[in-house]
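Here is the structure we will look at.
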Amino acid sequence: MAMYWGGLGGAFLLDDTPNLGVISQLPANPNLNDMLSLSTTGFAGILGRSISIFSFLLQYESWPDPRNFKFVNLLIHLSNGVLLALCCALIGRQWRKQSISIFVIAATVYIWLAHPIQISSVLYVVQRMTLLSATFTLLSLLFYLLGRQSFLRGKNARGIELMVIGLVVFAVLAVLSKENGILIYLYVLVLEYTLFASNEPPKLLLKFRQSLLLFTVIIGAVGFILILPSTLEGYELKPFGFAERVLTQFPVLTTYLASIVLLLPNSFGVFHDDFASAQGLSLITSILFICGLIAAALVKRTEWPLFAFAVLWFFAGHALESTILPLEYYFEHRNYLPLLGPVFALCIFISDSLPKLNASFRYVVLAFSGLVVAFMVVTTVRHTTLWGSPLDQAYASVEHHPGSARAQSNLVEKLSVSGQLQAAFDYHMSVIDPESQRIPPYIRWLEFSCMLPGVNPPEDEILIQQSRLSLHDYGAVFSLNNLVFGILEGRCPNAPLGKVRLVLDELAENSNFAVSRADIVFYQALMQAATGEFSAAANLATDSFRIRPDVRVGLYQVNWLIRSGQVERAESTLLDLVADFGDEIAASAELSARYQFLENNLSTLAQ
C-alpha cells in the first residue's frame, strides 16, 4: 500500500469523468434501489458493466474528488493479491505432491502486486472495471480449484457444486464487471492442459476437462461469428484497419513482455496512442517470436509444463483485447491478470533451481533477484509519485511520448486547470500539426479564444478544411460538448458563435463522424436555442432523436416545443418519452427533475 500512497492524490484521466459522470444523476441521499436502477441503464461496454458502475455509485459522497476512488481501487488490488495467493496454494497442491513454499507464493503475489505495469489498473480510476472483473475471475478460479480438489478426494457432488458456483455464478459477475471476465474458461483450460496435464484425473474430472474444451471452442466460434459484423463496422471509426490492428498486436505483445521482464523505466503510463502501426522487420520478428512461443508451449506442454503455463496463460489473458476487436493498440491494464503466468513461472523456476546450485552461486542468484525486485519497487514508487502530481505527470508523458496527441492534450488540460491559461495556449499552438486531419486541436483553439483576451480564433477556411476532412475522434465530440455547454452556462462569454456553428455544420456532413451525428445535431440544436430559435432547436432535436433515441435529447426537445408554442406536440412527445424511457427517468435524479419541470409547465399551460 505504501508504494501506491503517493499516487492517490492524482486527478481523473481520459475517460474517467465520462464514465463516473453518471454519479451526478443520483438523487440527494440515494437509497440502494436508486443505485441499482441507475447502474443497469447499460451505457458502459457491451453488457453495461453494471457491477463496476454500481461500485462507483456507492461512492457518490466522494464525487468528484478522485482520491477515495483511487483508494478503493487500491483496496481491491490488495484483495486480489489475497485471492491470488489462495489460488497459487491450491494450484501447487494439485500440481505437485508437495505444496508450493509459502515464500514462493508470497514472492509471486508481491511481484504481481508491485510490478509497475499494474499502476494504471489501480490509479486510472475507470480501470476498476478491470480490477473487479479480475476479482470475480479469481473467485471463479478459486472455486473451480476447490471443486477440483473435491473431485480428487472422491467428493463428486461437492465438487460439482463448487465448480458451478465458480464457473457459472462468479463467471457471470466477472463478465458484468467487464467483458473479458469470459476468459476464465481459457484460464482453466490452460491449467488443465499444462500444469495438471501430467496428473491422471478421475474419469469425471477428465470428462469435465474435455467438455470444457469443447464448450469453449463452440462459444468462441459462435461469439466470433456474432460479433464479426459489428467488429468490422467498428473499424470504420478508427485510423487503422482490421488487418493493420491484428498485425500490430504482435509488436504490442512483444513490447508488453519486454516491459514486464526488463522493467523499462520510461515505458510505463497510459499515453500510448503514439504506438506505430507495425511494418517491416520489427513486424516479422515479433510474429516469429510470438508464434514461436505459443508453438513451443503447445508442443512441449507436457514436458515443460511450467513454461507452457507461463506462455499460454499470458496469451489467453490477451485473447479478447489484443486480437480482433477495434480497440486502441496499447493499454497496460490489459496485462493485469495475464502477468500472473510469467511471474508464477519465474518464481517457481528460481525456487526449484536454487537447491541444485552450489552455495556461492546460490547467493549470487538471490542477490541478483533482490536487486531486480528493489529496482522494480523503485520504478513503481517513482511512477506512482508522478501519478500523484498531475502536472508533473503530464510533462513526463509528453517527454517520453512526444508523438502522443493525448499526452499533448492532457498537458494543455493540466496547465489550464492549474490556472496557466497562457502557457497552455502557447504549448497547444506549438504542437498543432496543420497537415494532420484532426479537428480536436481546433476546437480547443476555439475554447481558448473565448477564455483568453487577445486570442484570435482559427480562420474559417482552416475550420472548414479540418471539419470536412477530419477522421472520427470521440475526443472531438467531448470537446464540442464542453465548448457548447460552456457557452450556454456563461463560461465562454466571448465565444465566436459563428465559427462554432460552422464547425458543427461541417462535421454534421462529414461521413467519418456518422456514428456521432446524433450528438453533433444535438449541439446544433443547443446553439439554436441559445439564440432563441426554439422551433429550429426542437426540429434539430427531433432529427438527433431519430438518429439515436436519447431521453435527454427528448426532454430538451419537449422544453423547446413548449417555448416555441407547440404545446400539443410537446405533450405528445413527453408521453412517448415516459412510455419508452420511464425506468431510466425514474432512475436518474437529473432526468426526474427535468421531467417534473416540464410536466408542471404543461399543467400550467393547460389551465
Side-chain angles (χ1 to χ4, degrees), residues 32 36 39-40 45 47-55 58 75-95 99 105 109 128-196 199 201-220 223 309 313 316-317 319-320 336-337 340 344:
L32 196 60
L36 285 171
S39 68
T40 55
L47 299 176
R49 304 182 182 181
S50 53
I51 290 177
S52 298
I53 298 300
F54 180 69
S55 78
L58 286 172
L75 293 180
I76 296 171
H77 183 50
L78 296 175
S79 300
N80 287 345
V82 175
L83 292 173
L84 191 67
L86 296 173
C87 289
C88 288
L90 287 170
I91 289 170
R93 290 177 187 174
Q94 296 176 44
W95 171 35
S99 299
I105 293 174
V109 172
R128 181 174 306 175
M129 297 174 180
T130 294
L131 297 173
L132 284 175
S133 182
T135 299
F136 291 115
T137 298
L138 289 169
L139 282 167
S140 180
L141 186 67
L142 180 64
F143 274 78
Y144 146 74
L145 290 167
L146 289 170
R148 194 178 190 281
Q149 185 171 271
S150 294
F151 276 121
L152 294 173
R153 294 174 177 175
K155 300 177 180 179
N156 293 345
R158 179 64 172 166
I160 292 172
E161 180 182 301
L162 291 169
M163 282 195 173
V164 167
I165 294 173
L167 298 180
V168 178
V169 177
F170 283 122
V172 169
L173 295 176
V175 171
L176 290 177
S177 299
K178 189 176 180 180
E179 291 78 6
N180 57 0
I182 196 69
L183 297 177
I184 178 59
Y185 302 111
L186 283 182
Y187 287 137
V188 170
L189 284 173
V190 168
L191 274 172
E192 288 290 342
Y193 284 94
T194 58
L195 299 184
F196 299 158
N199 300 334
K203 288 185 178 180
L204 192 57
L205 193 55
L206 183 60
K207 288 182 179 179
F208 160 78
R209 178 190 293 176
Q210 295 166 344
S211 300
L212 182 62
L213 177 60
L214 180 62
F215 168 79
T216 304
V217 169
I218 292 173
I219 292 298
F309 170 77
W313 179 281
L320 206 60
Y336 189 70
L337 271 183
L340 171 61
F344 179 81

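These numbers come from the heavy atoms of this one structure, side chains and all, not from hydrogens, waters or symmetry mates.
- What you find for Gln149 and Leu90 is that their closest heavy atoms are OE1-CD2, 3.5 Å.
- Counting only heavy atoms from C-beta outward, the side chains of Leu212 and Glu192 never approach each other to under 4.5 Å.
- Classified by interplanar angle (parallel below 30°, tilted 30° to 60°, perpendicular above 60°), the ring pair Phe215/Tyr185 is perpendicular.
- Panel note: side chain Ser150, backbone Asn156; no donor-acceptor pair is recorded below 3.5 Å.
- The heavy-atom pair separating Cys87 from Leu141 by the smallest distance is SG-CD2, 4.0 Å.
- Here Phe136 contributes atom CZ and Ile184 contributes atom CD1; the two are 13.0 Å apart, rounded to the nearest 0.5 Å.
- Looking only at distances, no side-chain donor or acceptor of Ser133 sits under 3.5 Å from a matching main-chain atom of Met129.
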message: Go through it in stages, so that I can follow the logic: the residues are Leu205 and Met163, the test is side chain to side chain contact (heavy atoms under 4.5 Å, CB included), and I'd like the CA-CA distance, side-chain angles, deciding distance and then a yes or no.
response: CA-CA 11 Å; Leu205 193 55; Met163 282 195 173; 3.9 Å; yes

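- Interatomic distance, Ile182 CD1 to Ile219 CD1, rounded to the nearest 0.5 Å: 7.5 Å.
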task: Could you give me the CA-CA distance, side-chain angles and deciding distance for Phe151 and Ile160, then say whether side chain to side chain contact (heavy atoms under 4.5 Å, CB included) is met?
output: CA-CA 8 Å; Phe151 276 121; Ile160 292 172; 3.6 Å; yes

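- By the 4.5 Å heavy-atom criterion applied to side chains, Thr194 and Trp313 are not counted as neighbours.
- Heavy atoms only, all atoms of each residue included: Gly181 and Ala174 are closest at CA-CB, 3.8 Å.
- In terms of heavy-atom proximity, Ile51 sits nearest to Leu132 at O-CD1, 4.3 Å.
- One finds the CG atom of Leu131 at 10.5 Å from the CG atom of Leu78 (value rounded to the nearest 0.5 Å).
- The structure places CG of Leu191 at 11.5 Å from CG of Leu186, a figure rounded to the nearest 0.5 Å.
- Looking at Leu337 and Tyr187, their side chains come closer than 4.5 Å, going by heavy atoms from C-beta outward.
- Atom CG of residue Leu58 and atom CG of residue Leu32 lie 7.0 Å apart, to the nearest 0.5 angstrom.
- A side-chain hydrogen bond (donor to acceptor under 3.5 Å, both in side chains) with Tyr336 is found for one member of Asn180, Asn80, Thr130 and no other, namely Asn80.
- The backbone N or O of Phe208 lies less than 3.5 Å from no partner atom in the side chain of Ser211, so there is not a single donor-acceptor pair.
- Residues Phe344 and Ile91 have side chains in contact (heavy-atom distance under 4.5 Å, counting atoms from C-beta outward).
- Val109 and Gly81 get closest at one heavy-atom pair: CG1-O, 3.5 Å.
- Judged by the 6.0 Å and 45° rule, Arg209 forms no cation-pi pair with Phe196.
- Here NZ of Lys207 is found 9.0 Å from CD of Gln210. Values are rounded to the nearest 0.5 Å.
- Counting all heavy atoms, side chain and backbone alike, Leu167 lies closest to Ser140 at CD2-OG, 3.7 Å.
- When side chains are defined from C-beta on, Thr137 does not count as touching Leu183, because their heavy atoms never get closer than 4.5 Å.
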